Protein chains: 2
Amino acid sequence: MTARTRNPEATRAAILDAAEKIFLGKGYGEASMSQIAAQAGVTKSLLHHYFGSKENLWTEVKTRRFSIYVDHQLAMLEGADPDVNLLMESMKTYFHFLKDNPEMVRILAWVFLERQQDTCMTMDQGLMEAGAVKVAEGQARGEIRADINPHFILFTMVGIVQHWFQDRAHVLERFDGADPDTVDQAYLGDVVKIFFEGILPR
Amino acid sequence: MTARTRNPEATRAAILDAAEKIFLGKGYGEASMSQIAAQAGVTKSLLHHYFGSKENLWTEVKTRRFSIYVDHQLAMLEGADPDVNLLMESMKTYFHFLKDNPEMVRILAWVFLERQQDTCMTMDQGLMEAGAVKVAEGQARGEIRADINPHFILFTMVGIVQHWFQDRAHVLERFDGADPDTVDQAYLGDVVKIFFEGILPR
DNA sequence: TATATTATTAACCGGTCGGCCAGTTAGTTT
DNA sequence: AAACTAACTGGCCGACCGGTTAATAATATA
């Protein structure tokens, strides 16, 4: 068989997966190494063998997810010419990305609560800057109103989407019976109307 | 002296204050009853005497803050006639409220992450509903565009403000040197432009 | 095949955790 | 002033925490 009795890389990945599940579920403080080990099907010692400490493990979990996030976002910016329609496309893409990756929304919240200037924060700042440049280009072309700071335009767009997945539970009950996916779609449609009407040149 | 040697209500409040500080600082999991007791200047046993368990204490901390929040928001809605200008006023009021009560932003994040259908969630849903009614009134009067679900209008407004205080750290660095208060003000100004242009009748 | 390396485990460490209990002290009631 | 209730304390408990260590089993290397 090609299946080895030992497979370090797979083990490492299994630990990371388990750690992500536990950490994102209960947060760093309430998660325990034993739980993670059990979830991964290995011994606690092995976590230390691969990652050294609980904190290191948490850091790796965060950066792994965050890298996927940043890559996705940068690709999105790359593909987007800076006119309004493609900014709208970006917003929709971002919306569906968060819808498909709810862990990301949780990580963002945890990172906020830890309020430390870590790698994730730095990555996100770089992303923000890259996006703002694109928006500024759109403004220079006259496709986006220029009397608003490009950083704020981007920030608002991101916020409108992020906030939905963070707090939609508070709204969903008002639409009970309705299919959540339908409500998601309705929100996206309405919010696109508001936002893009608001950033039109005038 | 009027100062009693014992003052249960004051003690209770002191414990709640201490608990809020510790809980919001490090989160439920990493906070410890001993730390809270030390911070409050009482014995650990007393925390159990008043609140029964760590979890109960945490719940009380949350609901206390959340009540203040809800009261403030309801008062804001009460005072507001449902025309656009007063909705704008509400947005600004909300902005300054979160600016003055950063603990609130953290609590909101915790409530999201714990994702349990608790009192806070219920309170917030009631708030959401009350706000949506006001927006709907504005729409009926023709002061707010009627082709958008009133819940989404309110939700977006709240989100734009909340998200700022959750993630502004990522932006602030790009304005380094600048006074944070000035940046806050600049954001509020710009975002008001976007949002209210976006919800105008058309 | 001998040897070094690394993946893996079980047992264990000191320390802290949340919670409990027995007792004391301060106010209240009668 | 006696009896009762509630505030408050110190000390203790078993459980679990993150981390270490010493040994073993599998693999890579020579």
Side-chain angles (χ1 to χ4, degrees), chain A residues 1-64 110-111 113-114 116 118, chain B residues 1-64 107 110 113-114 116 118:
Chain A
M1 276 296 287
T2 53
R4 314 263 181 73
T5 54
R6 290 188 177 183
N7 188 341
E9 290 173 21
T11 305
R12 208 189 131 94
I15 294 175
L16 272 175
D17 288 342
E20 177 171 293
K21 181 174 175 182
I22 305 284
F23 276 139
L24 291 191
K26 12 176 73 165
Y28 179 81
E30 278 194 289
S32 89
M33 294 296 263
S34 329
Q35 292 161 8
I36 296 173
Q39 172 77 36
V42 298
T43 328
K44 200 180 30 151
S45 321
L46 213 47
L47 309 199
H48 286 96
H49 175 66
Y50 280 106
F51 299 97
S53 73
K54 186 186 181 185
E55 209 173 303
N56 281 344
L57 179 54
W58 173 224
T59 304
E60 292 237 21
V61 164
K62 281 189 295 182
T63 56
R64 188 179 66 153
W110 288 116
V111 168
L113 285 169
E114 290 175 353
Q116 34 184 304
D118 61 357
Chain B
M1 277 295 287
T2 55
R4 312 266 183 72
T5 52
R6 289 186 179 183
N7 188 342
E9 291 173 20
T11 305
R12 208 188 132 94
I15 293 174
L16 272 174
D17 288 342
E20 177 171 293
K21 181 174 175 182
I22 304 283
F23 276 140
L24 290 191
K26 9 177 73 166
Y28 179 81
E30 282 192 287
S32 89
M33 294 296 264
S34 328
Q35 293 160 8
I36 296 173
Q39 172 78 34
V42 297
T43 328
K44 201 180 28 152
S45 321
L46 210 50
L47 309 199
H48 287 95
H49 175 65
Y50 279 106
F51 299 98
S53 73
K54 186 186 181 185
E55 207 173 304
N56 282 345
L57 180 52
W58 173 224
T59 304
E60 292 238 20
V61 164
K62 280 188 297 182
T63 55
R64 188 180 64 154
I107 288 210
W110 283 112
L113 285 168
E114 290 175 352
Q116 32 184 297
D118 60 358

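Keep in mind that this is a model prediction, so the values were computed, not measured. Letters A, B, ... are given to chains in the order of the sequence lines, protein chains preceding strands, and every chain is numbered from 1.
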*Asks:* Kindly say if A/T11 contacts the phosphate of C/dA7, meaning a side-chain N or O under 4.0 Å from OP1 or OP2.
*Replies:* no

*Asks:* Please walk me through it: do B/I36 and B/F23 pass side chain to side chain contact (heavy atoms under 4.5 Å, CB included)?
*Replies:* CA-CA 8 Å; B/I36 296 173; B/F23 276 140; 3.8 Å; yes

*Asks:* If you take any heavy atom closer than 4.0 Å to DNA chain C, which residues from residues 42-49 of chain B end up in contact?
*Replies:* B/K44, B/S45, B/H48

*Asks:* In whole Å, what is the span from the CE atom of B/M33 to the P atom of C/dG18?
*Replies:* 7 Å

*Asks:* Would you indicate whether the side-chain heavy atoms of A/Y50 and A/L16 approach each other to under 4.5 Å?
*Replies:* no

*Asks:* Which residues in residues 15-25 of chain A have a heavy atom closer than 4.0 Å to any atom of DNA chain C?
*Replies:* none

*Asks:* What's the spacing between B/L47 CG and B/T11 OG1 if we round to 0.5 Å?
*Replies:* 11.0 Å

*Asks:* Ignoring backbone atoms, establish whether B/Y50 has a side-chain N or O less than 4.0 Å from OP1 or OP2 of D/dC8.
*Replies:* yes

*Asks:* With side chains defined as the heavy atoms from C-beta onward, is the minimum distance between A/L113 and B/L113 less than 4.5 Å?
*Replies:* yes

*Asks:* Write down the distance between CG (A/N7) and C1' (C/dT6), rounded to a whole number of angstrom.
*Replies:* 14 Å

*Asks:* Could you tell me which residues satisfy side-chain contact (heavy atoms from CB on, under 4.5 Å) with A/E9, sequence neighbours excluded, listed by chain and number?
*Replies:* A/N7

*Asks:* Using whole Å, report how far CD of B/E30 lies from C1' of C/dG18.
*Replies:* 16 Å

*Asks:* Ignoring hydrogens and angles, tell me if any N or O in the side chain of A/K54 forms a donor-acceptor pair with the backbone of A/Y28 under 3.5 Å.
*Replies:* yes

*Asks:* Between A/G52 and A/S34, just flag the one whose closest nucleotide in DNA chain D comes earlier from the 5' side.
*Replies:* A/S34

*Asks:* Any pair with a residue in residues 11-22 of chain B that passes salt bridge (Lys or Arg N to Asp or Glu O under 4.0 Å), sequence neighbours left out, goes on the list, sorted by first then second residue, please.
*Replies:* B/R12-B/E60, B/D17-B/R64, B/E20-B/R64, B/E20-B/R65

*Asks:* Residues two or more places apart in sequence or in another chain: which of them pass side-chain contact (heavy atoms from CB on, under 4.5 Å) with A/Q116?
*Replies:* A/E114

*Asks:* Anything under 3.5 Å between a protein N or O and an N or O of nucleotides 1-5 of chain D, put it in a table, one pair a line.
*Replies:*
none

*Asks:* Whole angstrom is fine here: how far is it from CD in A/E9 over to P in D/dA26?
*Replies:* 20 Å

*Asks:* Can the ring centroids of A/W110 and B/W110 be said to lie less than 6.0 angstrom from one another?
*Replies:* yes

*Asks:* Can you list, by residue number, the residues of residues 55-64 of chain B that have a non-hydrogen atom closer than 4.0 angstrom to DNA chain C?
*Replies:* none

*Asks:* What nucleic acid atoms does B/A31 come within less than 4.0 Å of, heavy atoms only: base, sugar-phosphate, or nothing?
*Replies:* sugar-phosphate

*Asks:* Report the residues that fulfil side-chain contact (heavy atoms from CB on, under 4.5 Å) with A/T59, sequence neighbours left out, ordered by chain and then residue number.
*Replies:* A/T63

*Asks:* Specify the separation, in whole Å, of atom NZ of B/K54 and atom P of C/dT16.
*Replies:* 15 Å

*Asks:* If you go through the side-chain atoms of A/R6, does one of them form a donor-acceptor pair with the base of C/dT8 closer than 3.5 Å?
*Replies:* no

*Asks:* Roughly how far, to the nearest 0.5 Å, is the CG atom of A/L46 from the CZ atom of A/F51?
*Replies:* 9.0 Å

*Asks:* Once side chain to side chain donor-acceptor pair (under 3.5 Å) is applied, what residue pairs with a partner in residues 30-49 of chain A remain, sequence neighbours excluded?
*Replies:* A/K26-A/Q35

